Amino acid sequence: MRLVGRIAIPDGEVVDLGLPDVRGVAGADPERPDDPRLLDRFGRIATDLRVSLTDRCNLRCTYCMPAEGLDWTPSAELLSDDEIVRLVSIAVGRLGVTGIRFTGGEPTLRKGLESILRRVSALRPRPEISLTTNGIGLARRAGAYAAAGLDRLNVSLDTLQRDRFTAITRRDRLLDVLEGLAAARAAGLDPVKVNTVLLRGMNDDEAVPLLRYSLAAGYELRFIEQMPLDAQHGWQRDEMVTAAETLTRLRAAFDVTPDPAARGGAPAERWVVRDVPGGMVLGRVGVIASVTRPFCGDCDRTRLTGDGQLRSCLFARTETDLRAMLRGGLPDEEIARAWRNAMWNKAAGHGIDDAAFTQPDRPMSAIGG
Ligand code: SAM
Ligand code: SF4
């Protein structure tokens with residue numbers, strides 16, 4: 001199989017990506033094939049770019065950041081709107097990236113979000129554009145985001161009980177989130193996904209109510225295992241609600257069977273939900289077992305922090321300073337080459353379950369979740 005500017009798909013057909021042929025500038029490692037895309041040593045190809053727009057947030061989820069917040073990145077250190085659009089255009093135009101997800105921190109706090117969406121949606125080939133948000137403010141802005149080019153979004157929602165929401169996020173904003181979800185759906189964003197982190201002794205009895213709610217409203221619910229990415233470094237493995245426990249809870253109320261549709265690079269294992277075995281399909285539910293059943297072997301992600309550092313993984317121990325390259329006046333192809341080389345060295349897996357695992361210095365809110 002030749003890997004230059006084309007994808008060979010399983011039935012033997014070759015799809016031309018229209019990417020430049022960059023033989024001769026593949027990078028420092030002679031073992032890296034001459035290929036414009038973001039390959040790594042383990043045969044993975046990153047096509048999904050996560051961009052953190054800010055590390056700030058208007059909630060304070062206990063599993064993410066402390067009550068007092070964090071030392072936010074000074075705005076001069078954050079990428080400007082122009083810098084973000086330039087890096088995304090390099091990713092899409094030179095590196096074969098096909099999907100862009102904006103995240104944070106809380107990406108809707110970024111003033112230029114609509115303009116960034118508009119400019120990214122004008123890129124060719126047009127990437128699919130998605131957003132991960134806590135949903136605050138979405139009730140007012142969902143329509144504008146859709147009009148600016150947003151295709152779909154994920155809204156984080158851990159509980160349907162107002163007092164619990166206030167305890168988990170340290171803000172009394174449950175109703176805003178529920179209204180935001182409804183507005184996203186009304187704006188035609190499809191699918192609307194709900195991300196839930198179950199916390200032992202806090203909301204782990206809500207797996208079934210959250211699924212009932214999501215099925216009734218037409219949202220796709222995904223449970224995410226809690227990961228060691230909190231700023232406080234307080235994560236403990238035995239306190240994490242595992243994917244297996246979540247499924248056991250769901251099975252008390254539903255028939256839940258593996259979805260035969262291929263998972264591809266998607267992190268969620270999808271399950272078909274019926275009321276009884278052989279009964280009517282009510283919908284689907286995702287379970288993201290990042291810790292107990294990691295999907296690193298299928299990972300197709302590359303990441304940019306708000307301050308322009310490239311990371312090959314949430315748990316990477318090294319970063320590549322693309323902001324310095326941008327501000328140092330390097331041309332697009334030099335930046336693309338640095339990006340390719342960094343991704344070539346992506347680790348095989350995050351190793352959370354290894355005895356030698358050490359949590360990255362930066363929390364999820366700074367890396368971009
Ligand atoms: N503020 C936005 C939000 O909450 O959706 C986007 C950023 S947030 C870091 C992205 C996702 O990461 C959310 O769904 C959140 O629940 C999840 N998350 C945050 N900390 C986590 C952790 N320690 N383990 C697993 N998921 C976490
Ligand atoms: Fe903010 Fe999202 Fe972290 Fe909650 S999970 S504190 S909403 S960044």
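Note that the structure is predicted; figures quoted are calculated from it, not measured. Counting starts at 1 for both ligands and their atoms, in listed order.
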**Student:** Pick one of side chain, backbone, both or neither for how V155 approaches ligand 1, counting any non-hydrogen atom pair under 4.0 Å.
**Tutor:**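 Looking at V155 and ligand 1, no heavy atom falls under 4.0 Å.
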**Student:** Which atoms of ligand 1 have any heavy atom of G105 under 4.0 Å away?
**Tutor:** 1 (N), 2 (C), 6 (C), 7 (C)
**Student:** In terms of heavy-atom contacts, does CZ of R251 have more than 12 from other residues, nucleotides or ligands at under 6.0 Å?
**Tutor:** yes
**Student:** What do you reckon, does P228 put a non-hydrogen atom under 4.0 Å from ligand 1?
**Tutor:**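 No; P228 lies far enough from ligand 1 that no heavy-atom distance drops under 4.0 Å.
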**Student:** Is it the case that S156 and N134 place a side-chain donor and acceptor less than 3.5 Å from each other?
**Tutor:**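 Short answer, no.
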**Student:** Would a single hydrophobic cluster contain both M65 and L157, if residues Ile, Leu, Val, Met, Phe, Trp and Tyr are joined by side-chain heavy-atom contacts under 4.5 Å?
**Tutor:** no
**Student:** Give the residue and atom name of whichever protein heavy atom lies nearest to atom 23 (N) of ligand 1, and the separation in Å to one decimal.
**Tutor:** M227 O, 2.9 Å
**Student:** Would G104 count as a contact of ligand 1 if the rule is a heavy atom under 4.0 Å away?
**Tutor:**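 Yes.
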**Student:** Side chains of Q309 and T320: is there a donor and an acceptor less than 3.5 Å apart?
**Tutor:**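 Side chains of Q309 and T320: no pair found under 3.5 Å.
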**Student:** Looking only at protein heavy atoms, which one is nearest to atom 20 (N) of ligand 1, and how far off is it?
**Tutor:** Y63 CD1, 3.4 Å
**Student:** Does a salt bridge link R86 with D332, judged by any charged N lying under 4.0 Å from a carboxylate O?
**Tutor:**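 Looking at D332 together with R86, the answer is yes, because their closest N to O distance falls below 4.0 Å.
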**Student:** Does ligand 1 have a heavy atom under 4.0 Å from the side chain of T103, from its backbone, from both, or from neither?
**Tutor:** side chain
**Student:** Among all the protein's non-hydrogen atoms, which is closest to atom 3 (C) of ligand 1, and how far away is it?
**Tutor:**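 The closest one turns out to be S156 OG, 3.3 Å.
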**Student:** Would you mind listing which atoms of ligand 1 come within a distance below 4.0 Å of any non-hydrogen atom of T133?
**Tutor:** 2 (C), 3 (C), 5 (O)
**Student:** So, is E106 polar-close to ligand 1, with some N/O to N/O distance under 3.5 Å?
**Tutor:** yes
**Student:** Check ligand 1 against E225 and write out every atom of the ligand that is under 4.0 Å from a heavy-atom position of the residue.
**Tutor:**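 So the answer, numbered in order with elements, is 25 (C).
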**Student:** Can you confirm whether the side chains of N58 and E106 place a donor and an acceptor under 3.5 Å from each other?
**Tutor:**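 Distance-only check fails for N58 and E106.
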**Student:** Would you say the side chains of T159 and Q161 form a donor-acceptor pair under 3.5 Å?
**Tutor:** no
**Student:** Under 2.8 Å from atom 3 (Fe) of ligand 2 - does any N, O or S atom of C64 fall there?
**Tutor:** yes
**Student:** Please report which non-hydrogen protein atom sits nearest to atom 6 (S) of ligand 2, along with the residue it belongs to and the distance in Å to one decimal place.
**Tutor:**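 Going atom by atom, the protein heavy atom closest to atom 6 (S) of ligand 2 ends up being C61 N, 3.2 Å.
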**Student:** Does a sphere of radius 6.0 Å around CZ in R327 hold more than 12 heavy atoms from other residues, nucleotides or ligands, not counting ones at 6.0 Å or beyond?
**Tutor:** yes
**Student:** Any N/O of G369 closer than 3.5 Å to an N/O of ligand 1?
**Tutor:**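 Min N/O separation from ligand 1 is not below 3.5 Å for G369.
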**Student:** Under 4.0 Å from a heavy atom of N195: which atoms of ligand 1 are those, numbered in the order shown and with their elements?
**Tutor:** 14 (O)
**Student:** Any donor-acceptor pair under 3.5 Å linking the side-chain atoms of W344 with those of D29?
**Tutor:**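 Yes, a side-chain donor-acceptor pair sits under 3.5 Å.
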**Student:** For atom 18 (N) of ligand 1, what is the nearest protein heavy atom, given as residue, atom name and distance?
**Tutor:**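 Sorting protein heavy atoms by distance from atom 18 (N) of ligand 1 puts M364 CE, 3.4 Å first.
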**Student:** Hey, is CG on D163 packed in by over 12 heavy atoms from elsewhere, all under 6.0 Å?
**Tutor:** yes
**Student:** Examine the side chains of S80 and D82 and answer whether a donor and an acceptor come within less than 3.5 Å of each other.
**Tutor:** no
**Student:** If you count the atoms of ligand 2 from 1 in the order shown, which ones are under 4.0 Å from a heavy atom of C57?
**Tutor:** 1 (Fe), 6 (S), 7 (S), 8 (S)
**Student:** Counting each atom of ligand 1 from 1 as listed, which ones have a heavy atom of V197 under 4.0 Å away?
**Tutor:** 16 (O), 26 (N)
